[in-house]
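A short worksheet on the structure shown next.
Predicted model, so just to flag it, every value in this text is computed and none were measured.
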Amino acid sequence: MATRIVINSALMIRRKNVTARRVYLDSESEDTSLFNLEIEDSAPNPEQILVALERRRALRTAISNLRPRVRAVLEVGHLREHSMKETAKVLNISVGAAKARLFHGRVALRKSRALRCHSAVKNETAAYPSRFETSQSRAQRLPRLLRRIN
């Protein structure tokens, strides 16, 4: 019995508050001037798209310049998202060798001229953060790898 009273009281409060909080976007009354009705667009602007494309291109160039053994570990381990055991098994090497090659690959990417040049350009446009790391396609896992290297 007491729970029904609580439920009815909550419903009455809810009914009161619903009518008080409605603001219609189509109406042009003076009360709407109190609210900021502009909705920001969450889509990336053209500059953000260009920065992300250049970043991916620089990372692909840097990866393609690595030695084939090191590049294979990076591609299998990071881009295909395999564990170290799976990477070692796919490449038919030991787990220790896979870890060492991954380490050397990251060091080489840090020293890569293409990525250093791109990071200098990126620092100039740091006010525009990239929002492209949400998708799981191969092209969009590259920025995550770049972030992990730095």
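Side-chain atoms of R69 and H104 form no donor-acceptor pair, as typed in the model, at a separation below 3.5 Å.
Heavy atoms only, all atoms of each residue included: I93 and V73 are closest at CD1-CG2, 4.3 Å. Pairing each heavy atom of L66 with each of G105, the nearest pair is CD2-O, 4.3 Å.
Taking the side chain to side chain contact (heavy atoms under 4.5 Å, CB included) definition, one finds that R67 meets it with V70, sequence neighbours left out. Every side-chain hydrogen bond (donor to acceptor under 3.5 Å, both in side chains) that N8 has, sequence neighbours left out, goes to R4.
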For residues 83-90, dump all side-chain donor-acceptor pairs below 3.5 Å to protein atoms at least two apart in sequence or in another chain.
from, atom 1, to, atom 2, distance (Å)
S83, OG, E86, N, 3.2
E86, OE1, H82, ND1, 3.3
E86, OE1, S83, N, 3.0
T87, OG1, S83, O, 2.8

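Remark: R101 CZ to L74 CG distance equals 11.5 Å, nearest 0.5 Å. A distance of 9.5 Å separates OG of S64 from CD of E75, quoted to the nearest 0.5 Å.
Using a 4.5 Å heavy-atom cutoff, the side chains of R56 and L59 are not in contact. Considering only heavy atoms from C-beta on, L102 stays 4.5 Å or farther from K99 through its side chain.
Side chain of S112 to main chain of A108: no donor-acceptor pair is present (N/O by atom type, distance under 3.5 Å, no hydrogens or angles).
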